[in-house]
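Indexing begins at 1, ligand by ligand and atom by atom, following the structure's order. FYI, side chains are in, hydrogens and waters are out, and symmetry mates aren't considered; it's all heavy atoms of this structure.
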Amino acid sequence: MTQDLYPVKPEFAERAHIRSMEEYQRLYRLSLDNPEWFWGEQAKALTWFHPWQSVFDADYKEVDFSWFLGGRINASFNCIDRHLATHGDRTALIWAQDEPGVYTHITYRELKHHVCRVANVLLHHGVKKGDRVCLYMTMIPELVYTMLACARIGAVHSVVFGGFSAEALRDRIVDAKCKVVVTANEGLRGGKRVPLKKTVDRAIEGMSMVETVLVARRTDGEVSMEAGRDLWLDEEMTRQRSTCTNEWMGSEDPLFILYTSGSTGKPKGLLHTTGGYLTYAAFTHKMVFDYHPGDIYFCAADIGWVTGHSYIVYGPLANGATSVIFESTPLYPDAGRYWQIVDDLGVNILYTAPTALRALAQAGDEWIKKYSRKSLRILGTVGEPINPEVWRWYHDVVGEGRCTVVDTWWQTETGGILITPLPGVTPTKPGSATLPFFGVKPVIVDPATGAVLEGNDVSGALCLATPWPGTARTVHGDHKRFKDTYFTQYPGYYFTGDGARRDEDGYYWITGRIDDVINVSGHRLGTAEVESALVAHEAVAEAAVVGCPHPIKGQGIYCYVILNQGYANGGKEQLIGALKEQVRQSIGAFAAPDVIHIASGLPKTRSGKIMRRILRKIASAEYEGMGDISTLAEPDVVDRLIKEHQVVSK
Ligand code: WTA
């Protein structure tokens, strides 16, 4: 292993914020020994209206963490107003539109005007501090304006990824009790129109909770507007002043809710608060990407997921950066799209997901070589384990060996990056997220015994031993669920749901989820969500869903389905189509199953528990090493499923 080590490039170390392994180790030690001092120093990079009284407070038994209590701060002020005196004319956002080569530059001063207008629109429609606002949009500047407008007046945004179906959107609106929904008439993505407003209409049909729907105008598409409820955002904005006071938020006041999948069918709304989250997002953005003023920074994620929240909006803007928002896809109109943007805009830092890189690597190097890419310096990746060969391709072909690759591990729950190389510090190994960030203490636990595995060269469940400012504080409306999900399995530790290995050099290798969550093209999905969508179909008696290896998506969705009497014969193809459609309707197109395996039985223990380990193995065509199957109620089922799998996967 050690031979495949990519040393730090000296020219990176020279300009980096942290310039050597020694400096990292010294600061890392300090961050663990004296977190209050360490995080207090970092929080000073932000502008506070009123200083905090204590850096950190915790009630470990209640799983209650507070950072910078007593402090007053506003995220919108920190992302906009405080930059105006020195660099109001600097570009804050570059909107790379779906149409190739079309860019809109928005300066910090312009950003302020737009955000204030939206904030005033929200106030005018009765949105108050603490109210939740649902944002269901694609990648247009109005999405950023609305997020920051909420932050400005103390409302809590809940961004729902634009690929979710009406049903999924409805659940999220209801759970967060949103009175206002902000959307667009249509989105544009890869040349296709996304019927956003239509989906909102279906989601809130018959629902009295939603009083106002604000509709941004992205296309010339006509949509129906319900009088008294639906309003055009641009028309509303022109009625408002371009100035709006920042609410002085308490450090622990909520900033946003973001729904993510877990091991039950019901998605959970992770709640992030203001001072700690913003400190963590800004500091990690600066250190991990070695951000310097003037850099053009391009995170290709979607703002509907946490990566977009922390590393398109809050982190970069708090640092006064120029952040690209990308409306399209890496393959539209062709596989040269990223590199065209890099050359057009002079991008220095690119942050994307392994699934996009796998698709681009497959499309062929000629797409990359067409462009110079000479501005690139840092290449980031996030969202799922990156295959070592794709890592090398990113480093050697995209970066021509000149750039530093940072494989960053983190989660919706963590608010920001936790395990990552630092450009001036860490020799990298393809496929490893390397070492913990400041203040982060990863622990590997034996899942069988719960014992903490000390030393190097160990693998098990990845837990975290110490709190950090960016961590989510609760599940919206269900603190018990927050405690139960993350803090009960391994008492005293936060359990990530991921498996990991710490190698002989102390480097971390994330091996993927060990709970019932799968990662499809970087989209996090609970197998239980897909199962409940499937059993809602009249033909389905029982469903068990697992991930299977997929060359581009990382994981595909493999569904074992037991049919009800009377559906078992005939019309299979049609039924499979109907079941896939059922999942699209219930969750969204990105969750459409790859394989529907109509099964003759499921491997269950005598007490009726499905042995998912066996299902995962069969779905991955690993027929050996099933372990002890003698405890199954019906051991023959394994052989039958293997035979069926061989037919299904042909
Ligand atoms: C996975 C995305 C390996 C992991 C920021 C985690 C990764 C889940 C990496 C969180 C990485 C994220 N290497 N796996 N660098 N980054 N993951 O909440 O399984 O959408 O638990 O947050 O993605 O997904 P989420």
query: More than 12 foreign heavy atoms under 6.0 Å from NZ of K483: is that the case here?
result: yes
query: Are the side chain of H309 and the backbone N or O of W305 linked by a donor-acceptor pair below 3.5 Å?
result: yes
message: Donor-acceptor check, side chain of R337 to backbone of Y332, threshold 3.5 angstrom: yes or no?
response: yes
- request: Kindly indicate whether a cation-pi arrangement holds for K429 with Y507, taking the cut-offs as under 6.0 Å to the six-membered ring centre and within 45° of the axis.
  value: yes
query: Cation over ring, R172 on F164, under 6.0 Å and within 45°?
result: yes
Near-ring test W39/F283, centroid separation under 6.0 angstrom: yes
query: Near ligand 1, which protein residues have a heavy atom under 4.0 Å away?
result: V306, T307, V382, G383, E384, P385, D407, T408, W409, W410, Q411, T412, D498, I510, R513, N519, R524
